[in-house]
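Chain identifiers are assigned alphabetically (A, B, ...) following the order of the sequence lines, protein sequences preceding nucleic acid strands; residue numbering begins at 1 within each chain.
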There are 2 protein chains.
Amino acid sequence: MELMENDKRKLPAHISGHECTARLLPVKDALDILSGKWKLQIIISLTFGKKRFKQIQREIPGLTPKMLSKELKELEINELASRHVYDTSPVTVEYEITPYGKTLKPLIEELYKWGAKHRKRIIARK
Amino acid sequence: MELMENDKRKLPAHISGHECTARLLPVKDALDILSGKWKLQIIISLTFGKKRFKQIQREIPGLTPKMLSKELKELEINELASRHVYDTSPVTVEYEITPYGKTLKPLIEELYKWGAKHRKRIIARK
DNA sequence: TATACCGGTTTCCTAAAGTATACCGCTTTC
DNA sequence: GAAAGCGGTATACTTTAGGAAACCGGTATA
């Protein structure tokens, strides 16, 4: 990387291509974990505190128990959320965002900000 | 919103639920436009300068012409990218990121940063 | 004259994502 | 004793995303 960040004037394609690839890989990794209609929404819901299964489902319109169950499992595997079972009867289950999950906050914030602006733009032009 | 941002101690579920919904909508809007395996990667590629069709395809591993064509059309519709045809023979076509597309930069930056950290984490624990 | 590049399109296909609906055992409330 | 809430699972289905391969007319190159 001996090129200045903003000097793209005469970058040959095969050079800018390498720069580009370096950006692409991590983004792909992030996308792999976060993609899908529900995962980020679930994480956002958990951002507001521990939640129980049905509670999450109620907060996210359109989310079926099957999808919620599946997505929560994947979030657990990736250590973004944790599941806590309490020995009541019937059992009480709580889901919580993990410290690692919290590292997504800045990303979610940007997503929110962009989404909000985009929403305004769309509404404005109708 | 008469509640303090950080006072979640005794928020009843139906209140935090409303807060949550307010966050969810814009995020869904953003996701609708940006979701999928390729769109963000294409935008990132265009971040490094105008590109021609095959050039983009070469830079993004695994991207087929069919998908690229489809995604570029959607990006155009959403005014994130623009298409320029030059009257050479055969035609030369260039794709460029729009000013509106550039507003995605902070989001992409966060995605990159999180992805890079995640990548390290994954590699470290193997 | 054959090959390759350009900017795509077309067709066929599979795997994954997502939806709908019903159901389970257990418990509290009416 | 019926209904509803809990945390899910099971089954069946539709829809979408995405991939593989072939192909198009036009042009330049060897």
Side-chain angles (χ1 to χ4, degrees), chain A residues 12-14 17 24 27-43 45-46 49-78 81-96, chain B residues 12-14 17 24 27-43 45-46 49-78 81-96:
Chain A
H14 66 285
L24 253 31
V27 170
K28 271 197 67 173
D29 289 343
L31 255 31
D32 278 349
I33 285 196
L34 270 16
S35 69
K37 197 172 175 181
W38 305 114
K39 265 175 216 110
L40 277 168
Q41 294 191 65
I42 294 168
I43 291 172
S45 163
L46 294 181
K50 295 180 184 180
K51 298 265 165 74
R52 298 175 60 175
F53 191 89
K54 294 279 182 185
Q55 200 176 351
I56 301 171
Q57 204 197 325
R58 263 183 260 115
E59 277 184 9
I60 304 178
L63 179 51
T64 61
K66 178 189 163 186
M67 287 310 291
L68 178 52
S69 171
K70 183 194 146 212
E71 301 289 55
L72 282 171
K73 278 173 190 160
E74 290 179 30
L75 291 179
E76 247 198 290
I77 287 170
N78 291 314
S82 58
R83 183 176 186 266
H84 306 284
V85 183
Y86 298 105
D87 194 9
T88 55
S89 163
V91 285
T92 305
V93 182
E94 278 185 347
Y95 291 91
E96 192 180 0
Chain B
H14 66 283
L24 252 31
V27 169
K28 272 197 67 175
D29 289 343
L31 255 31
D32 278 350
I33 286 196
L34 270 17
S35 70
K37 197 171 173 181
W38 304 115
K39 263 174 218 110
L40 278 168
Q41 293 190 67
I42 293 168
I43 291 172
S45 162
L46 294 181
K50 293 180 185 183
K51 299 264 165 74
R52 296 174 62 175
F53 191 89
K54 293 281 182 187
Q55 199 176 351
I56 301 171
Q57 204 196 325
R58 264 182 259 116
E59 275 184 10
I60 304 179
L63 179 51
T64 61
K66 176 192 162 186
M67 287 311 293
L68 178 53
S69 171
K70 183 193 147 212
E71 301 290 55
L72 282 171
K73 278 173 191 161
E74 291 179 28
L75 291 179
E76 244 198 293
I77 286 171
N78 291 312
S82 58
R83 181 175 188 267
H84 307 283
V85 183
Y86 299 104
D87 195 9
T88 55
S89 164
V91 285
T92 305
V93 181
E94 275 185 348
Y95 292 91
E96 190 179 2

- Message: What verdict does the side chain to side chain contact (heavy atoms under 4.5 Å, CB included) test give for B:Glu74 and B:Lys70, after you've listed the backbone C-alpha separation in whole Å, the side-chain angles of each residue and the deciding distance to 0.1 Å?
- Response: CA-CA 7 Å; B:Glu74 291 179 28; B:Lys70 183 193 147 212; 3.2 Å; yes

Short heteroatom pairs, N/O only, protein and nucleotides 14-22 of chain D, under 3.5 Å:
| unit_1 | atom_1 | unit_2 | atom_2 | d |
| --- | --- | --- | --- | --- |
| D:dG18 | OP1 | B:Lys37 | N | 2.8 |
| D:dG19 | OP1 | B:Lys37 | NZ | 2.8 |
| D:dG19 | OP2 | B:Trp38 | NE1 | 3.3 |
| D:dG19 | O6 | B:Lys66 | NZ | 2.0 |

- Residue set satisfying side chain to side chain donor-acceptor pair (under 3.5 Å) with A:Asn78, at least two apart, ordered chain then number -> none

- Side chains of A:Leu63 and A:Ile42: closer than 4.5 Å at any heavy-atom pair? yes

- Query: Side chains of B:Gln41 and A:Leu24: does their closest heavy-atom pair fall under 4.5 Å?
  - Reply: yes

- Message: Less than 4.0 angstrom between a side-chain N/O of B:Ser89 and OP1 or OP2 of D:dG26, yes or no?
- Response: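 Checking B:Ser89 against D:dG26: no side-chain N or O falls below 4.0 Å of OP1 or OP2.
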
- side chain to side chain contact (heavy atoms under 4.5 Å, CB included) between A:Leu31 and B:Lys37, worked out: CA-CA 8 Å; A:Leu31 255 31; B:Lys37 197 171 173 181; over 6 Å; no

I need the [X] [atom1] to [Y] [atom2] distance, nearest 0.5 Å.
X	Y	atom1	atom2	result
B:Thr64	B:Trp38	OG1	CH2	7.5 Å
A:Ile60	A:Glu71	CD1	CD	9.5 Å
A:Lys39	A:Met67	NZ	CE	7.5 Å

Could you list the donor-acceptor pairs under 3.5 angstrom formed between side-chain atoms of residues 89-96 of chain A and any protein atom two or more places apart in sequence or on another chain?
| unit_1 | atom_1 | unit_2 | atom_2 | d |
| --- | --- | --- | --- | --- |
| A:Thr92 | OG1 | A:Thr88 | OG1 | 2.7 |
| A:Glu94 | OE1 | A:Tyr86 | OH | 3.4 |
| A:Tyr95 | OH | A:Arg83 | NE | 3.1 |
| A:Glu96 | OE1 | A:His84 | NE2 | 3.0 |

- 5' to 3' contact window, DNA chain C with chain A (heavy-atom distance under 4.0 Å):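 From 5' to 3', the first and last contacting nucleotides are C:dA17 to C:dT27.
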
- Message: My understanding is that only residues two or more places apart in sequence, or in another chain, count here; which of them pass salt bridge (Lys or Arg N to Asp or Glu O under 4.0 Å) with B:Lys28?
- Response: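 Expected list: none.
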
Heteroatom pairs (N/O) under 3.5 angstrom, protein to nucleotides 5-7 of chain D:
| unit_1 | atom_1 | unit_2 | atom_2 | d |
| --- | --- | --- | --- | --- |
| D:dC6 | OP1 | A:Arg58 | NH2 | 2.9 |
| D:dC6 | OP2 | A:Arg58 | NH2 | 3.3 |
| D:dC6 | O3' | A:Arg52 | NH2 | 3.0 |
| D:dG7 | OP1 | A:Arg52 | NE | 2.8 |
| D:dG7 | OP1 | A:Arg52 | NH2 | 3.4 |
| D:dG7 | OP1 | A:Val93 | O | 3.4 |
| D:dG7 | OP2 | A:Lys54 | N | 3.1 |

- Query: Who is the Watson-Crick or G-U wobble partner of D:dA30, with both distances under 3.5 Å?
  - Reply: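 The base-pairing partner of D:dA30, which may sit in any strand shown, is C:dT1.
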
